[in-house]
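The shown structure was predicted, so the numbers you read here are calculated from the model rather than taken from an experiment. Residue numbers count from 1 along this sequence.
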Amino acid sequence: MTVTPRNDWSREEIAALFDLPFTELVWRAAQVHRENHPANEVQLSTLLSIKTGGCVEDCGYCSQSVKADSGVKPTKLMEVQSVLQAAARAKDNGSSRFCMGAAWRNPKDRDMPAIIEMVKGVRGMGLETCMTLGMLTDHQADMLAEAGLDYYNHNIDTSPERYNDIITTRTMEDRLDTLGQVRRAGINVCSGGIVGMGETREDRVGFVHTLATLPSHPQSVPVNALVPVKGTVLGDMLADTPLAKIDDIEFVRTVAVARITMPLSMVRLSAGRESMSEMTQAMCFMAGANSIFTGDTLLTAPNAGDDKDGAMFARLGIKPMAITQTQADLDAERMPRGCARLEAAE
């Protein structure tokens with residue numbers, strides 16, 4: 001099933017995919033996946049919190065918000081050398097992408113020199129680099145692009161209709177504007193969201209629709225299952241209710257629809273895997289997920305861990321994607337990025 005990426009998906013078409021019989025949907029998604037990605041290979045990514053807590057945003061799911069009573073203590077930005085040491089350990093454990101997250105509404109200009117050194121240092125190891133720092137100015141986006149940042153993560157979180165129920169300190173348009181700045185700078189976009197926040201299927205349709213109709217699809221689409229943290233708005237609201245965990249079949253459906261509508265994107269299983277069975281994760285891989293976050297923690301949330309993931313991969317016959325970037329590859333990528341920025345400026 002050769003699929004040409006489309007940006008004109010209607011909500012009705014996406015809803016129809018969600019409504020397919022489960023096995024039919026997964027089969028279609030598996031076909032799309034195999035046409036566009038290696039079968040039985042999954043990218044290992046590592047996520048490090050380089051600046052934890054104290055964020056002024058009020059995201060209802062986040063333990064790092066100053067509005068949350070989660071016990072997370074704010075920290076300063078990590079030293080560059082400590083970040084590079086963590087990246088080296090991640091590479092030794094098989095990760096090919098190293099993601100760095102800071103709990104900010106937006107970075108300050110005074111923080112950018114250290115951020116730039118982190119990007120250059122990690123990229124110099126041959127790892128793909130990803131940053132999530134909140135909103136950016138045009139100048140900051142250009143600095144990150146010049147440093148060679150591969151991906152910038154900025155999740156839309158949920159559907160446009162549900163958004164204001166989750167976050168009030170920034171709008172969906174703010175999120176989309178940041179994604180536009182990232183694309184203009186020539187950096188790959190990483191954008192997804194969270195399911196299991198008490199949303200309806202219609203919200204999940206709207207979430208996928210928003211991503212699948214962007215001017216270009218995000219090159220990476222993380223699909224998170226909510227980890228309800230005590231002391232957060234959603235964690236306290238959903239605790240001990242049937243809404244506290246999304247149905248596994250519905251989660252796999254969301255992955256499959258993301259794969260069909262965004263065939264060239266990396267679809268990543270992100271937060272929430274520690275509470276998923278191996279069978280649920282196996283179904284997600286069958287439905288087109290081809291990237292995971294590995295390691296013991298994701299920012300401040302627990303994660304499955306390298307050993308557990310390794311054992312699961314062995315049972316499923318899945319191979320980690322090889323680290324294939326060389327310094328020559330990395331240098332060669334800078335030319336089209338510069339061209340993209342020049343074209344955007346014209």
Side-chain angles (χ1 to χ4, degrees), residues 45-59 61-68 70 72-90 95 97-125 127-157 167 169-171 174-191 220 222 293 295 297-301 330 334 337-338 341:
S45 304
T46 295
L47 175 61
L48 175 69
S49 178
I50 60 173
K51 189 276 174 188
T52 303
C55 182
V56 298
E57 303 280 16
D58 67 354
C59 307
Y61 52 79
C62 187
S63 62
Q64 300 193 68
S65 168
V66 294
K67 306 293 184 181
S70 59
V72 172
K73 295 182 179 179
T75 67
K76 295 181 179 179
L77 182 66
M78 287 179 65
E79 296 292 333
V80 173
Q81 189 59 35
S82 297
V83 173
L84 299 185
Q85 289 170 349
R89 289 192 296 271
S95 286
R97 181 183 296 182
F98 191 70
C99 306
M100 295 158 274
W104 285 323
R105 175 179 171 83
N106 52 274
K108 302 290 191 298
D109 285 341
R110 66 172 181 266
D111 298 311
M112 292 304 295
I115 294 292
I116 295 305
E117 288 307 308
M118 292 175 193
V119 172
K120 290 180 177 179
V122 174
R123 205 163 192 266
M125 298 178 191
L127 292 167
E128 288 183 354
T129 53
C130 182
M131 280 277 182
T132 178
L133 311 171
M135 295 186 289
L136 297 173
T137 65
D138 286 345
H139 178 60
Q140 289 169 340
D142 288 339
M143 289 179 67
L144 291 170
E146 192 63 33
L149 183 67
D150 295 292
Y151 291 83
Y152 192 82
N153 169 258
H154 201 61
N155 290 335
I156 64 166
D157 291 334
I167 304 159
T169 50
R170 103 176 98 174
T171 67
D174 289 332
R175 300 264 181 175
L176 297 177
D177 287 347
T178 297
L179 296 183
Q181 289 173 317
V182 171
R183 280 194 303 272
R184 177 203 57 78
I187 303 171
N188 292 314
V189 168
C190 174
S191 188
S220 181
F293 276 130
T297 58
L298 295 181
L299 299 179
T300 61
L330 300 177
R334 291 195 175 97
R337 286 172 186 222
R341 291 199 297 276

Heavy-atom closest contact (His154 atom, Thr178 atom, distance): CD2-CB, 3.5 Å
Give the intermediate values and the outcome of side-chain contact (heavy atoms from CB on, under 4.5 Å) for residues Met131 and Val119. CA-CA 8 Å; Met131 280 277 182; Val119 172; 3.8 Å; yes
Nearest atoms (heavy-atom pairs only) where Ser220 meets Arg97: OG-NH1, 3.2 Å
Sequence neighbours excluded, which residues qualify as side-chain contact (heavy atoms from CB on, under 4.5 Å) partners of Ala90? Thr46, Ser95, Phe98
Can you name the nearest heavy-atom pair linking Cys190 to Pro222, along with the distance? SG-CG, 3.6 Å
Residues at least two apart in sequence or cross-chain that pass side chain to side chain donor-acceptor pair (under 3.5 Å) with Asp174, listed by chain then number, are Thr171
Taking the side chain from Gln181 and the backbone from Ala141, do they hold a donor-acceptor pair closer than 3.5 Å? no
Interatomic spacing from CD1 in Ile167 to CG in Asp157 - rounded to 0.5 Å: 4.0 Å
Show the nearest heavy-atom pair for residues Leu48 and Ala86, with the distance to one decimal. CD2-CB, 3.8 Å
side-chain contact (heavy atoms from CB on, under 4.5 Å) for Met100 and Ile115? Distances and angles first, verdict last. CA-CA 9 Å; Met100 295 158 274; Ile115 294 292; over 6 Å; no
Should Met143 and Leu149 count as side-chain neighbours, where that means a heavy-atom distance under 4.5 Å? no
Ignoring hydrogens, what is the shortest heavy-atom contact between Val122 and Ala87? Give both atom names and the distance. CG2-CB, 3.8 Å
Take Leu77 and Met118, measure what side-chain contact (heavy atoms from CB on, under 4.5 Å) needs, and give me the verdict at the end. CA-CA 11 Å; Leu77 182 66; Met118 292 175 193; 4.1 Å; yes
Name all residues meeting the side-chain contact (heavy atoms from CB on, under 4.5 Å) criterion together with Glu79; count only those two or more places apart in sequence or in a different chain, and write none if there are none. Ser82
Does any part of the side chain of Cys99, heavy atoms only, come nearer than 4.5 Å to the side chain of Asn153, both counted from C-beta? no
Is the shortest side-chain heavy-atom distance between Leu84 and Met125 below 4.5 Å? yes
Between CD on residue Gln85 and CZ on residue Arg89, distance to nearest 0.5 Å: 6.5 Å
Any pair with a residue in residues 102-116 that passes side-chain hydrogen bond (donor to acceptor under 3.5 Å, both in side chains), sequence neighbours left out, goes on the list, sorted by first then second residue, please. Glu57-Arg105, Asp109-Gln140
Donor-acceptor under 3.5 Å (Tyr152 side chain, Leu133 main chain): yes
Is a donor on one side and an acceptor on the other found under 3.5 Å between the side chain of Thr75 and the backbone of Thr52? yes
Side chain Thr129, main chain Asp150, donor-acceptor under 3.5 Å: yes
Taking it one step at a time, do Glu146 and Ile116 satisfy side-chain contact (heavy atoms from CB on, under 4.5 Å)? CA-CA 9 Å; Glu146 192 63 33; Ile116 295 305; over 6 Å; no
I need the minimum non-hydrogen distance between Ser49 and Met78, along with the two atoms involved. O-SD, 3.4 Å
